[in-house]
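Scroll down for the structure; my scribbles are underneath it.
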Amino acid sequence: MAAKHEPSFYDSVQRNFDRAAALTNLPKGLLAQIRECNSVYQMRFPVKIGKEYKVIEAYRAQHSHHRLPTKGGIRYSQKVNQDEVMALASLMTYKCALVDVPFGGAKGGVKISPREYSVEDLEKITRRYTTELIRKNFIGPGIDVPAPDYGTGAREMAWIFDTYTVFKGGEIDAAGCVTGKPVTQNGIRGRSEATGRGVYYGIREVLNDKPLMDAVGLSTGTAGKTVAIQGLGNVGYHAGKICQTEGEMKIISVAEYEGAIYSEEGIDIEKLSKFRKRTGSILNFPGTSQLDQRKKTLEVECDVLIPAALENQLRKDNAKRIKAKVIAEAANGPTTADAEAILLKKGTIIIPDMYLNAGGVTVSYFEWLKNLSHMRFGRIEKRFDENTYLRIVNLIEKKTGKPVGVTEKSMIARGADEIDLVRSGLEETMVTAYEQIRTVMKRRKKVTDLRTAAFIVALNKISSDYLNMGVFP
Ligand code: NAD
């Protein structure tokens with residue numbers, strides 16, 4: 001929850017929208033159309049848990065139909081409410097536009113704490129929720145395509161896909177009704193790491209941006225930079241691991257549900273994750289000390305803070321104590337609008353959610369394309385590329401008379417697999433979107449923060465979609 005007298009999550013998103021919209025010359029009516037949530041389906045359905053029936057509250061919000069299908073994750077959390085789902089759906093619209101994923105934004109939520117249910121019960125709830133979506137025409141490869149979010153993963157997506165095919169047997173593109181599926185069930189390699197990997201690429205772009213680094217007194221580059229992470233779930237784990245392995249960054253603090261740990265020497269994320277799976281907790285991980293409250297991770301002295309849990313974590317009441325130079329919004333909406341004002345005044349760089357965690361929807365888009373094409377990426381060109389590279393290397397060997405080693409040869413003469421293409425497409429997407437954001441900031445003196453610039457990029461793209469449709473001439 002936001003602190004008392006602070007705007008709700010949805011209000012914060014709307015406030016950020018308004019700040020950016022005021023800096024555009026777009027027609028007022030068009031901006032009003034983009035801003036509002038188009039459809040919200042609130043449902044209540046009974047599920048038999050043990051011997052009793054429980055009434056489950058759930059939502060699916062479609063923020064914008066300017067492009068179809070709409071797209072966005074499904075969240076399982078006791079805190080789910082309509083305001084939150086609408087905020088998350090809005091963010092999806094702007095996120096998709098920013099990274100050129102041709103979808104409108106949506107989001108779903110089921111108000112349950114997954115920890116309190118058995119796997120069988122979760123399956124029942126997921127299948128029933130999917131049935132409700134089918135009944136109201138709120139799911140389908142050309143209608144609305146869910147994906148994982150907080151509290152859900154590939155397992156839930158497999159149940160959704162299976163339920164959909166039960167009702168829609170014979171629909172040739174049925175696999176595109178949901179993304180984030182297991183690879184064995186029409187999923188794509190690299191989807192589970194995608195959001196975290198995108199978070200790393202985004203952080204890397206910012207840390208290599210000299211003018212921004214000069215402004216906060218940091219050298220450029222990722223190596224050696226200190227990091228604190230809140231939430232070691234899908235996004236936090238992959239982001240932390242890739243920052244550590246590929247970016248050579250040092251993770252000095254991690255917070256999870258059960259508490260927070262700290263180590264000046266650095267925490268090995270892979271080992272920590274295995275430790276948590278084994279013991280059920282991050283506490284007492286060798287070489288770390290325990291912080292007195294889990295929220296203290298947010299306040300440690302570090303270069304980059306990665307909130308990767310939930311919204312409204314950086315608020316009016318703790319913003320002044322945040323010492324990180326860069327806040328990397330891996331979660332959606334971790335910073336309230338009031339906290340943002342305080343942090344920007346202090347000179348903190350905020351890498352906005354709508355950009356930073358767009359890796360998930362980007363690779364979901366690749367998965368959807370794979371499902372519609374009914375073919376794995378790389379299948380057509382891999383061998384052709386390998387043979388071509390091999391011929392080039394052989395020719396160089398012949399002309400120079402110098403043999404290339406076997407290991408080098410196989411490294412050079414390698415065609416791309418699906419995972420290589422997915423990572424390449426993701427990196428390209430994150431780099432290009434960052435360039436677009438920075439171009440707006442360089443051209444428009446009044447745009448001084450990354451979030452406002454990201455909103456402007458997104459608004460311009462959505463507006464031209466509407467204008468091309470002949471709406472709002
Ligand atoms: P997840 O459920 O896999 O992990 C979240 C983790 O945060 C859990 O382990 C939970 O115990 C922990 N947590 C919750 N409250 C906490 C607190 N107060 N302090 C410390 N830890 C806490 O969820 P996820 O998929 O990693 O999503 C995290 C965030 O990233 C959400 O805001 C989500 O909307 C956003 N996001 C996720 C994806 C995706 O592909 N999964 C894509 C884009 C954005």
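Values reported hereafter were calculated over all heavy atoms of this structure, with side chains retained and with hydrogens, waters and symmetry mates removed. Quick caveat: nothing in here was measured; it's all calculated off a predicted structure. First listed ligand is number 1; within each ligand, the first listed atom is number 1.
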Numbered atoms of ligand 1 (with element) below 4.0 Å of A308, judged on heavy atoms:
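Answer for ligand 1: 28 (C).
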Which ligand 1 atoms, with their elements, are less than 4.0 angstrom from a heavy-atom of A255?
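Listed by number with element, the hits are 20 (C), 21 (N).
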Taking only non-hydrogen atoms of R191, do any sit less than 4.0 angstrom from ligand 1?
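In this structure, R191 qualifies as a contact of ligand 1 - some heavy atom is under 4.0 Å.
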Tell me whether A330 reaches ligand 1 (any heavy atom closer than 4.0 angstrom to a ligand atom).
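In this structure, A330 qualifies as a contact of ligand 1 - some heavy atom is under 4.0 Å.
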Could you tell me whether some N/O pair between [X] and ligand 1 is separated by less than 3.5 angstrom?
X: R75; value: yes
X: K107; value: no
X: T195; value: yes

Distance-only side-chain donor-acceptor flag, Y76 / E156, under 3.5 Å:
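Per modelled atom types, Y76 and E156 side chains form no pair under 3.5 Å.
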Are Y201 and E205 linked by a side-chain donor-acceptor pair shorter than 3.5 Å?
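Their side chains do not contain a donor-acceptor pair, so the 3.5 Å distance test is not met.
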Starting at CG of D303, measure out to OG1 of T222 and round the result to the nearest 0.5 Å.
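Between atom CG of D303 and atom OG1 of T222 there are 11.0 Å.
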Starting from [atom], what is the nearest protein heavy atom, named by residue and atom, and what distance separates them?
atom: atom 14 (C) of ligand 1; value: Y150 OH, 3.1 Å
atom: atom 8 (C) of ligand 1; value: E256 OE2, 3.3 Å
atom: atom 18 (N) of ligand 1; value: R294 NE, 3.4 Å
atom: atom 26 (O) of ligand 1; value: V235 N, 2.9 Å

